[in-house]
Amino acid sequence: MIRLKNSVQIAAMKDAGRITGEALLLARDMVRPGVSTYEIDQAIRRYIEKCGATPTFLGYGGFPASACISVNDEVIHGIPSKKRILQEGDIVKIDTGATYHGYVGDSARTIPVGNVSEEARRLIEVTRNSFWAGVEALQAGNRMGDVGSAIDAVVRANGFSTVRRYVGHGIGTDMHESPDVPNFGTPGRGVRLCAGMTLAIEPMVNVGTFEVKEMPDGWTVKTLDGSLSAHYENTVALTSDGVLILTEVEKGF
Ligand code: MG
Ligand code: MG
C-alpha cells in the first residue's frame with residue numbers, strides 16, 4: 001500500500017531531509033586522499049545526532065554504520081572501515097539517512113577524490129543528470145515507468161548502464177515503503193503518480209555491465225566486471241505544486 005503524505009507530513013520530512021543533506025555536505029568537505037571511510041561515517045553520525053535526529057542506517061537490517069560508503073567499483077552498501085583509505089583518483093559514494101520526529105530522509109552523492117579520470121567525472125555528471133530527468137517525468141498522472149525510462153534514457157545515451165537489481169523506493173516513517181522506483185522502465189506503465197507521494201529516487205550507473213555481485217561481507221555490492229559505478233539520490237515529494245527535493249540543501253550538489 002502506498003502511504004500518501006499531507007502537507008504537514010511533508011513539512012516534517014523536509015526537516016529530516018535537510019539534516020540528511022547537511023550531513024552529506026559535511027561528508028563531501030572531508031573527502032580527500034588519506035581520509036578513511038570510518039572517519040567520514042563517524043562525522044556523519046555525530047552531525048545527525050547533534051541535530052537531535054537518529055542515523056537511520058545504523059542497525060537497519062543489522063548494518064553496522066550510519067552511512068554506506070562505497071568506493072570505485074563498489075556500487076552501494078559499502079561498510080565504512082578504518083582500513084579503507086581514500087586515494088587520489090577514487091570516486092566515493094556516500095549514502096546516508098536521518099530520522100527526525102519519526103520521518104526519514106535518504107540521500108546519496110558520488111564525490112571525486114582529488115583529480116579523477118575524465119570518464120569518472122563524466123559518470124558522476126551523467127548519473128546526476130539522469131536523476132533530474134527522472135524528476136522531470138515525476139508528474140501527477142504520469143506512471144512510474146515514465147520516471148524510470150527517463151532516467152535510463154540519459155544513462156544509455158551516454159553509453160553507460162543502469163543497475164537493475166537495486167531500485168529506489170517510497171519513503172516516509174519507514175525508509176523503505178511502497179512503491180518501488182526502478183531506474184528503468186516502459187513509458188506509460190507502472191504505478192500512477194499522484195500528489196502526496198514521497199519517494200527516494202536513486203539511479204546507480206555503471207561504466208560497464210549493469211550486472212552486480214554481492215560480496216561475502218553480506219553488504220557490499222560491486223559491479224560484476226569491476227567497472228566504476230556512481231550513485232545519486234534524493235528524497236523527493238510530489239505535491240499539487242510540483243516536486244520538492246527534500247534532501248537538497250545546496251544547488252548543484
Ligand atoms: Mg540511500
Ligand atoms: Mg534509498
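Model, not experiment: these values are computed from the prediction. First listed ligand is number 1; within each ligand, the first listed atom is number 1.
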Please find the N/O/S atom of [X] nearest to the Mg ion (ligand 2) and write down its name.
X    : value
D106 : OD2
H169 : NE2
E202 : OE2

Positive for side-chain hydrogen bond (donor to acceptor under 3.5 Å, both in side chains) with T56, one of D106, T99, D174: T99
Apex the Mg ion (ligand 1); atoms E233 OE1 and D95 OD2; angle rounded to 10 degrees: 110°
Aromatic ring proximity H176/Y60, centre distance under 6.0 Å: yes
Geometric cation-pi criterion, R84 with Y38: 6.0 Å, 45°: no
Side chain N183, main chain I151, donor-acceptor under 3.5 Å: no
